[in-house]
Structures are given as structure tokens and as C-alpha cells.
Amino acid sequence: MSLNVGILAIQGDVQENILSTQTALKELGIEGTVNGVTTPEEISNLDGLIIPGGESTTIGQLSLVNSSLKKIKEKIENGMPVLGICAGMIMLSKTADDRVIGKTDQPLLEFLDIKIERNSFGRQKDSFEADISMDLIDIPKFNGVFIRAPSVTETGSDVEVLSKFNEKIIAVKKGNVIGTSFHPELTYDVSLHKYFVNLVKQVK
Ligand code: GLN
């Protein structure tokens, strides 16, 4: 059995996620391929998808226009595991407002019943790294890289909180879908990518 993992390659941290996922597969001894995907056809064949960090308004608009947004939604509803990182977590949310400019009406997948505050920790110049933990998924220590990061300000009853930093929710999970405010592909620790790959294997 070989896993087909895709990284949504419309905009953002695509190569970094390809590398981290390949490393995770290798360290786990799991067979699989990892490719950037953009079209509904490519997405329909996936066992798991990572929506990378980048700019959620761009990822949303372009995926709406080429119909991949609709295909991703369909696949998630059919159980495909998804890891949404930063802009990717914003894409998974029901509501996202910017800390400074408020409502933007950007296209979203609206799968996770969460409310997002975009750029919750400030702008690019306020980027930082911090030790965080995700005990619920057995990752007690992780280097969180925060770049124009969102936070989760409200969660529905079906959403588990995986991590908080300075009282703000920075990682969530609902079934096979995980969202993080921080960028796991920008550290050498691939434990979150490993957790995700294992999830993809279990579902397949
Ligand atoms: N602030 C960006 C957005 O709103 C997300 C930043 C990131 O993915 N690093 O889309």
C-alpha cells in the first residue's frame, strides 16, 4: 500500500511541506508519494492533503476559480485527512476576520466550526518562535514558528483544542482534520507531519 499525499500548490510553503512529509514517510518506513496538487482531478486521487501556510485570501480565491475548493470540501466530508497550516487552518474555518481590518469575505472551506482572528499575533515583523505542546496527540514539546499567525477565538463542541499559547488557541482537531497557527514545516522536527502521515495511513 502506497499513500498519495498532496500539498495544495496554489500559493505558500509547498516545497517545505513536500520535504517534511517525505522525511516523515521515510522515518516511519511508510511507502508513499508526495506531490504539489492544484487541480480537482489531482485532488480527487489523494489519500491526504496539506494546505500550507501562505496567504489565505489568495489560496481561497484561486482555489475557488479553478474549482479545487469544491473538490477539497467534498473529499474532507468523505473522510480524507487534512492538515491546514496557518493560512491552511484559516481555509478550513467557518469564519475568519482580520485583527485590524475585520471582515474580508474570503472564500473558506467552512469545515471546522471555529472562528479565526487572522494576524492575531501581529504582522510579518512580529514573527516569533516559541516552545509549545500538543499533549493530546503525544507531542509534548514542539518548536512553534509563528508568521502573521492566526488564532482561534471560538470553537464548536465537535472541535478539540490541541494547543494554546499565551491563552490563545493555536492548534485544533476535528476527526481527521488538524489546523495549526504555526508552521511545522519550518522546523527540523517532523513529529506533526509524522502524526499526519500515520492518520492518512489509518484512514486508507
Ligand atoms: N496571515 C496570513 C493569512 O491571513 C497567514 C499567514 C501564514 O500562513 N503564515 O492568510
Side-chain angles (χ1 to χ4, degrees), residues 5-21 34 36-38 48-66 68-69 72-73 76 82-132 134 142-155 159 162-166 168-173 177-190 192-193 196:
V5 181
I7 316 296
L8 189 64
I10 287 179
Q11 189 269 331
D13 270 4
V14 178
Q15 288 307 323
E16 294 85 344
N17 273 293
I18 290 178
L19 257 173
S20 297
T21 310
V34 190
V37 293
T38 50
L49 173 72
I50 296 179
I51 307 179
E55 177 52 45
S56 59
T57 51
T58 308
I59 297 171
Q61 281 299 342
L62 295 180
S63 61
L64 178 72
V65 169
N66 86 346
S68 53
L69 192 72
I72 295 169
K73 185 141 193 193
I76 298 180
V82 176
L83 171 60
I85 297 169
C86 203
M89 177 169 77
I90 298 171
M91 288 302 307
L92 289 166
S93 72
K94 256 198 177 125
T95 325
D97 292 342
D98 186 87
R99 188 173 59 95
V100 177
I101 57 173
K103 250 198 147 19
T104 49
D105 277 334
Q106 60 192 107
L108 300 169
L109 288 157
E110 299 177 14
F111 178 76
L112 289 177
D113 185 11
I114 56 175
K115 192 167 177 197
I116 291 276
E117 180 180 64
R118 291 176 56 209
N119 301 301
S120 187
F121 301 88
R123 302 274 163 186
Q124 188 81 19
K125 65 175 173 43
D126 304 306
S127 302
F128 65 97
E129 294 183 29
D131 277 347
I132 55 134
M134 292 174 279
F142 197 80
N143 177 35
V145 178
F146 294 79
I147 304 166
R148 298 192 302 120
S151 72
V152 177
T153 55
E154 281 171 35
T155 54
V159 175
L162 293 184
S163 189
K164 283 186 179 180
F165 178 73
N166 282 354
K168 293 186 176 188
I169 298 171
I170 52 159
V172 290
K173 180 174 185 290
V177 175
I178 300 166
T180 69
S181 297
F182 51 88
H183 287 261
E185 79 286 4
L186 296 183
T187 66
Y188 292 106
D189 183 348
V190 292
L192 187 60
H193 282 80
F196 179 68

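When a ligand or atom number is given, it counts from 1 through the structure's own listing order.
For E55, the side-chain hydrogen bond (donor to acceptor under 3.5 Å, both in side chains) test picks out T57, R118, R148, with sequence neighbours left out. Partners of T104 under the side-chain hydrogen bond (donor to acceptor under 3.5 Å, both in side chains) rule, at least two apart in sequence or in another chain, are Q106.
Protein residues having a heavy atom under 4.0 Å from any atom of ligand 1 are G53, G54, E55, S56, C86, A87, I90, R118, N119, I147, R148, H183, listed by chain and number.
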Identify all side-chain donor-acceptor contacts of residues 12-19 below 3.5 Å with residues at least two apart in sequence or on another chain.
{"from": "D13", "atom 1": "OD2", "to": "H183", "atom 2": "ND1", "distance (Å)": "3.4"}
{"from": "N17", "atom 1": "OD1", "to": "H193", "atom 2": "NE2", "distance (Å)": "2.8"}
{"from": "N17", "atom 1": "ND2", "to": "D13", "atom 2": "O", "distance (Å)": "2.8"}

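Using a 30° and 60° split on the angle between ring planes, F146 and F128 fall in the parallel class, below 30°.
With no hydrogens or angles considered, a side-chain donor-acceptor pair links S68 and N66 at under 3.5 Å.
Remark: side-chain polar atoms of S93 are not paired, donor with acceptor, to backbone N or O of I114 under 3.5 angstrom.
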